[in-house]
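Quick note on labels: first sequence line is chain A, next is B, and so on, each numbered from 1.
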There are 2 protein chains.
Amino acid sequence: MISKPLIAHFESYLPFEEAEKALIESRVSRRKVRHRELTLTSGEICRYYTFVVSGCFRMYITDAEGKEHNILFAAEGDWISDIDSFHATTPSHSNIQALEVSEIIQIAQEDLYHLYLNILKLDRIFKVITEEKYVELQNRVFQNISSTAQQRYLSFLKQYPNLANRLPNTQIASYLGITPEFLSMIRKEITLGH
Amino acid sequence: MISKPLIAHFESYLPFEEAEKALIESRVSRRKVRHRELTLTSGEICRYYTFVVSGCFRMYITDAEGKEHNILFAAEGDWISDIDSFHATTPSHSNIQALEVSEIIQIAQEDLYHLYLNILKLDRIFKVITEEKYVELQNRVFQNISSTAQQRYLSFLKQYPNLANRLPNTQIASYLGITPEFLSMIRKEITLGH
DNA sequence: CGAATTTCTTAAACTAGTTTAAGGGTTGCA
DNA sequence: TGCAACCCTTAAACTAGTTTAAGAAATTCG
């Protein structure tokens with residue numbers, strides 16, 4: 001059962017019958033990813049919905065000046081895909097890269113559509129998953145607009161307590177939209193007790 | 001048929017049978033909203049999924065210092081609700097306010113759940129709607145992290161060409177995360193041809 | 001293990017965006 | 001129709017965050 005972690009994830013939303021689990025098992029693939037390996041490159045079409053079994057990924061965009069900007073992180077139990085590119089079958093603007101040795105389960109476009117047709121509750125589950133991710137992003141937009149870099153860093157620490165220790169500061173700075181130098185200052189100020 | 005604009009919206013995704021339309025009609029309400037009226041106040045639970053028939057709304061949050069920050073706008077054909085508060089039945093952190101005289105169609109929590117149970121394709125439609133809104137937000141996060149205020153303003157103009165003329169600059173500045181004064185400077189620079 | 005690369009820190013000079021304040025223009029409604 | 005509330009602009013002083021540079025510490029990989 002390569003899909004065991006994925007099915008456990010689905011069953012945290014709704015129960016599944018054996019036949020449904022077997023259908024899912026027949027339509028997914030699983031593989032290991034090396035540290036720094038790109039699973040999606042800008043310009044390429046995002047062909048898979050990807051579930052992270054273990055490890056950690058970032059989605060980032062390269063701007064006009066060649067600078068990279070992290071949009072989100074995904075660790076064990078998260079999904080990471082360019083939803084826009086996947087559904088519209090258009091070239092992606094973003095890149096997805098492993099930040100650790102990782103393992104993923106992937107569902108190709110036609111397999112996901114096949115599953116949607118044959119297991120109707122998947123529509124509901126992915127509706128809920130997308131709503132959850134939407135709420136997260138909305139909080140992020142609010143933080144970006146209304147907070148100083150220090151407040152944003154503190155709320156990053158709250159939201160991803162496990163990632164904070166695993167990720168290099170350069171990745172966190174890129175997520176916060178500041179320079180690593182300034183993040184270094186912020187961390188110093190915080191430990192000095194401001 | 002008070003729900004006519006809403007059903008037209010749903011049918012832009014999938015066709016509906018008469019019985020389904022009648023069920024929807026029986027489960028929604030429609031009303032007019034005055035300019036500046038709040039349809040959701042921070043601290044209150046978001047009880048309705050709201051579809052904008054005409055007019056325009058903003059969702060905003062008030063920060064620790066009492067400043068308001070616009071998270072998104074919604075005009076004709078858009079949905080505006082605090083998804084988190086609605087589903088979790090918890091007090092909302094945000095406010096929703098009409099920026100023009102408007103008209104809305106609302107679906108209460110129990111009615112929406114009743115519709116989900118009886119019209120399965122609504123799961124799929126709201127899955128897709130949420131995915132679309134997610135992609136929009138993701139672009140906004142990218143803009144916020146990677147662009148100067150001027151670039152963000154230009155991309156706001158592209159994304160909401162019709163809203164740009166309808167909204168006061170104060171609202172746009174709050175959406176961009178800058179002061180109205182600085183937006184004023186940006187607009188001057190742009191018309192001078194930079 | 002040791003060399004190469006990546007990562008973190010500090011600090012000084014700089015720039016994008018804020019704050020405050022003041023004046024003029026619009027809009028809405030009694 | 002007139003006044004209050006809102007909205008936009010300009011400008012000067014200020015502050016949060018960037019840039020550049022250089023050295024120290026930690027990882028990675030042959």
Footprint string (nucleotides 1-19 of chain C, 5' to 3'): B base within contact, S backbone only, - free, heavy atoms under 4.0 Å: -----SSSBB------BBB
Parallel, tilted or perpendicular: ring planes of Y175(A) versus F73(A), cut at 30 and 60 degrees: parallel
Interatomic distance, Q97(B) CD vs dC6(D) C1' [rounded to whole Å]: 13 Å
Between dT28(D) (C1') and R34(A) (CZ): distance, integer Å: 15 Å
Aromatic plane relationship, F51(B) with H9(B) - under 30° parallel, 30 to 60° tilted, over 60° perpendicular: tilted
Partners passing side-chain hydrogen bond (donor to acceptor under 3.5 Å, both in side chains) against E100(A) (at least two apart in sequence or in another chain): R166(A)
Aromatic ring pairing Y49(B)/W79(B), orientation class (parallel under 30°, perpendicular over 60°, tilted between): tilted
Co-members of V101(A) in a cluster of I, L, V, M, F, W and Y side chains, linked at under 4.5 Å: none
